[in-house]
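Notes to accompany the following structure.
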Amino acid sequence: MDNTTEGKWDSLPVKLNDGITQTLNELGFTHMTPVQSACIPLFMRNKDVAAEAVTGSGKTLAFVIPIIEILIKREDKLKKMQVGALIVTPTRELALQISEVMGQFLQKFPQFRQILLIGGSNPIEDVEKFKEQGANILIATPGRLEDMFRRKADGLDLALSVKFLEVLTEEQEGPQEEDCCQEEPG
Ligand SMILES: Nc1ncnc2c1ncn2[C@@H]1O[C@H](COP(=O)(O)OP(=O)(O)OP(=O)(O)O)[C@@H](O)[C@H]1O
């Protein structure tokens, strides 16, 4: 990538967890992209962040890294069925891409589990998987997510699980011409 000009990872105001730094080294990502250097510090201070950046600018890591950092730093460790982060994306493809990146980084954090909730498969399989394995990070498309919130009769109380939510990330599609990342008011 030619837009990784925004400083090394250790120039961030808060030092990243060693597990994250190791994965970044393994990937050969020495520098942050502009959207990463703008968003990660804000996210890690628990600010509401709105980012708009062109495709391929590195948005995924701009929220995947802070999500893991925020969950690690929680005082009460998340239990199996407690969801600490929810990522909602408009398409299955995006959800799959994000899940792949999240999976790479979670290898160093086996205490956290992610689940992908997207259309195209039997929702009951998702319900059973969630009940069996639990999940702390949900990556979902809106339709399947809504469906999962209505599965109390099948033994899944997702509303209860998301009471522990620390981070909500919404990916949106739309015209994206300029890079920008700012703190949301309020
Ligand atoms: N700091 C970095 N250094 C080098 N490569 C990076 C860095 N961050 C991300 N990448 C790589 O750049 C590519 C684009 O990143 P990513 O998919 O996150 O972009 P995006 O802005 O989310 O794009 P999209 O809008 O398509 O989702 C990926 O192959 C990713 O692995």
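These numbers come from a predicted model, not from an experiment. Atoms within each ligand, like the ligands themselves, are counted from 1 in listed order.
- A salt bridge is defined here as a Lys NZ or Arg NE, NH1 or NH2 lying under 4.0 Å from an Asp or Glu carboxylate O, and K15 with D10 fails to meet this definition.
- Considering M81, M148, Q82, K80 in turn, M81 is the only one that fulfils the side-chain contact (heavy atoms from CB on, under 4.5 Å) rule with S161.
- Of the inter-residue distances, the one linking M44 atom CE with I70 atom CD1 reads 7.5 Å to the nearest 0.5 angstrom.
- With respect to I139, the side-chain contact (heavy atoms from CB on, under 4.5 Å) criterion is satisfied by exactly one of Q97, E100, M102: M102.
- With a 4.0 Å cut-off on non-hydrogen atoms, W9 touches ligand 1 through its side chain and not its backbone.
- In this structure, V54 is part of the shell of residues with a heavy atom less than 4.0 angstrom from ligand 1.
- At least one N/O-N/O distance between G58 and ligand 1 falls below 3.5 Å.
- The shortest separation from a heavy atom of V101 to ligand 1 is not under 4.0 Å, leaving the residue out of contact.
- Every N/O-N/O distance between Q97 and ligand 1 stays at or above 3.5 Å.
- The minimum heavy-atom distance linking K59 with V35 is given by the pair N-CG1, 3.9 Å.
- Residue H31 has at least one heavy-atom neighbour below 4.0 Å for each of these atoms of ligand 1: 1 (N), 2 (C), 3 (N).
- Proximity of I68 to I20: side-chain heavy atoms (C-beta onward) are separated by under 4.5 Å at one or more points.
- Numbered from 1 in the order shown, with element, the atoms of ligand 1 that lie under 4.0 Å from a heavy atom of T60 read 16 (P), 17 (O), 18 (O), 22 (O).
- Contact annotation: for E171 versus ligand 1, there are no heavy atoms closer than 4.0 Å.
- At least one side-chain heavy atom of W9 sits less than 4.5 Å from a side-chain heavy atom of Q36.
- Checking only distances, L94 never comes within under 3.5 Å of ligand 1, N or O to N or O.
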